[in-house]
Amino acid sequence: MREQRSSQWYAGNDRNAYIHRAWMRRGLPQHAFDGRPHIAIANTASDLTPCNSHLNEVAKSVEQGVYEAGGIPMNLPVVSLGETLVRPTAMLWRNMAAMATEEMLRANPIDGVVLLGGCDKTIPSLLMAAASVDLPAVVVPGGPMLTGTFRGVPLGCGTDVWRLSEEVRAGTLSEDQFTRSESSMIRSRGHCNTMGTASTMALVSEALGAIIPGLAGTPAPDSRLLEGAHASGRLAVDLVAAGRRPSDIFTAASFVNAIVALAAIGGSTNAVVHLLAIAGRLGVPLALDDFDRIGSSVPLLVDLQPAGRFLMEDFHRAGGLLAVLREVKDLLDPSALTVTGLPLVDYLDDAAIWDPEVIRLRREPLQDAAGIAVLYGNLAPRGAIVKPAAASPELLEHRGRAVVFDSIEDMHARIDDPDLDVDPTSVLVLKGCGPKGYPGMPEVSNMPLPKKLLEQGVRDMVRICDGRMSGTAYGTVVLHVTPEAADGGPLALVENGDVIFLDIANRRLELEVDPDELAQRTPNAATVQGFANPARGWERLYVDHVLQADTGADLDFLIGSTGDRVSRESH
Ligand code: FES
């Protein structure tokens with residue numbers, strides 16, 4: 001049997017090997033330490049991450065697969081981030097979760113890892129960790145929940161919360177009915193069932209090669225998820241034997257496939273910061289412009305909420321990711337491998353679309369060119385992004401007067417003020433929501449529309465922000481404006497009444513204010529310094545070291561990889 005990394009703890013007859021084995025025995029037989037691979041199951045199950053609360057059951061199937069293939073499974077609970085609960089935003093903790101997982105994998109006698117994630121930040125943080133420790137790794141995505149209904153109508157988890165709450169504000173839905181819908185929103189175990197960030201990151205990770213092809217998108221309660229978990233456990237043992245590592249799999253070619261997939265499924269804009277961060281860990285030279293260059297001309301083939309009609313259960317029934325990728329096979333890089341060792345494109349010939357309403361044929365796309373557009377201009381010198389597929393066609397080119405909010409609190413306090421000087425042509429600007437400014441870059445860019453405009457029937461306006469947007473949200477929202485206001489970005493200088501010009505076709509975002517006048521302006525102190533100035537702890541470390549959205553909002557000292565080196569002995 002080949003020498004394993006874990007053998008550096010367990011092999012031999014000296015005192016230290018004795019200590020390492022003896023404390024681990026607890027029912028394990030002696031041959032568990034004879035050089036067979038030890039596979040960590042990095043498990044983000046948590047009651048406070050309800051989207052992932054079923055992952056302990058999934059872990060059991062992984063364990064069985066590992067044992068069956070001759071490995072030893074090791075359950076490793078890792079930091080879990082529940083999108084709906086964690087404050088001030090789960091994104092503040094993504095890098096911490098990635099760092100903690102990376103370090104615990106490196107510090108322990110582990111030869112390979114199965115990564116169990118689901119809710120928005122969990123798969124990204126696990127992949128960032130796997131990339132930096134570069135141990136053989138495979139992801140098992142926890143899967144979306146089943147479709148719930150309210151008054152006979154399917155509810156899109158997340159998306160319909162925004163829609164129903166806007167209806168209450170517009171006076172077209174009672175608060176009682178709104179509250180009643182609450183028990184229908186989450187029908188089953190699993191993560192959000194729209195094409196939000198969790199679904200997007202699972203599918204994009206499969207396109208990246210991190211998941212057994214065909215598994216992502218399997219609903220959480222579907223028994224095929226457990227079958228896939230079992231197979232992934234087996235595969236982890238094979239990965240160790242083959243010495244196949246993330247650095248072998250996640251190449252520039254893999255990121256091409258991920259970006260094509262992101263566009264074709266109409267995935268969440270959050271995938272941009274996550275893919276950039278993962279690439280940064282691997283040393284793959286991925287840039288913000290690559291999303292536009294590779295993805296913007298890709299047709300939109302999936303009719304899912306938030307921009308479309310259906311939900312993830314429909315998507316899986318209709319053929320899933322492989323059916324989508326088969327339609328755009330010519331755009332994929334055929335050299336990109338998956339965890340199985342085979343190219344992604346090898347899995348496409350058997351794929352089929354079973355419901356062309358949910359997954360469109362290439363010749364009948366929902367939109368011809370639907371990927372993420374990267375905008376530049378004097379308002380976003382290092383870029384901003386917008387998702388044309390989620391925008392209103394009449395707002396793709398728009399000139400309007402700015403209505404400025406200096407913080408999320410300022411926005412909440414004034415957005416429904418009857419005296420707010422706003423009309424449907426206004427451009428809503430929200431500052432102080434970038435990585436440093438909030439801190440943590442929350443999903444607030446899709447700010448609610450003013451109540452008085454909602455009551456007039458207005459359902460979309462141009463909105464501009466240095467934060468992110470929930471993957472379950474929609475609208476003409478320009479986000480990830482870089483540099484952010486709190487990092488010296490010109491967004492800090494925008495004042496009420498300034499004219500802003502958005503031209504998505506030509507990728508422009510301009511503040512039409514005389515440069516001399518701009519040079520005279522000083523932004524308010526809070527916008528420049530951020531709204532939190534933490535004294536200690538992770539937030540202090542984060543604010544001091546976080547990079548901007550255009551490179552993935554990772555910490556500067558976490559970029560790259562230190563591999564799986566074994567540190568010096570602890571005794
Ligand atoms: Fe967990 Fe949406 S809240 S995926």
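As the structure lists them, so they are numbered: ligands from 1, and atoms in each ligand from 1.
- Near T84, the atoms of ligand 1 lying under 4.0 angstrom from a non-hydrogen atom of the residue are 3 (S).
- Salt bridge status for D134 with R281: absent, with no side-chain N to carboxylate O gap under 4.0 Å.
- Near C119, meaning under 4.0 Å from any of its heavy atoms, are these atoms of ligand 1: 1 (Fe), 3 (S), 4 (S).
- Against a heavy-atom cut-off of under 4.0 Å, E83 is close to the following atoms of ligand 1: 3 (S).
- Put simply, C192 gets within reach of atom 2 (Fe) of ligand 1, with an N, O or S atom under 2.8 Å from it.
- With a cut-off of 2.8 Å, atom 1 (Fe) of ligand 1 has no N, O or S atom of H191 in range.
- A salt bridge is defined here as a Lys NZ or Arg NE, NH1 or NH2 lying under 4.0 Å from an Asp or Glu carboxylate O, and R106 with E103 meets this definition.
- Below 4.0 Å from some heavy atom of A198 lie the following atoms of ligand 1, by number and element: 4 (S).
- For ligand 1 and D120, the ligand atoms under 4.0 Å from any heavy atom of the residue are 2 (Fe), 4 (S).
- Salt bridge present: D416 and R169 bring a charged side-chain N and a carboxylate O closer than 4.0 Å.
- Annotation for ligand 1: atoms under 4.0 Å from non-hydrogen atoms of C51 are 1 (Fe), 3 (S), 4 (S).
- A salt bridge links R309 to E357: at least one charged side-chain nitrogen sits closer than 4.0 Å to a carboxylate oxygen.
- Heavy-atom contacts from other residues, nucleotides or ligands closer than 6.0 Å to CH2 of W354 number 12 or fewer.
- Using a cut-off of 4.0 Å between Lys/Arg side-chain N and Asp/Glu carboxylate O, E484 and K436 are scored as not salt-bridged.
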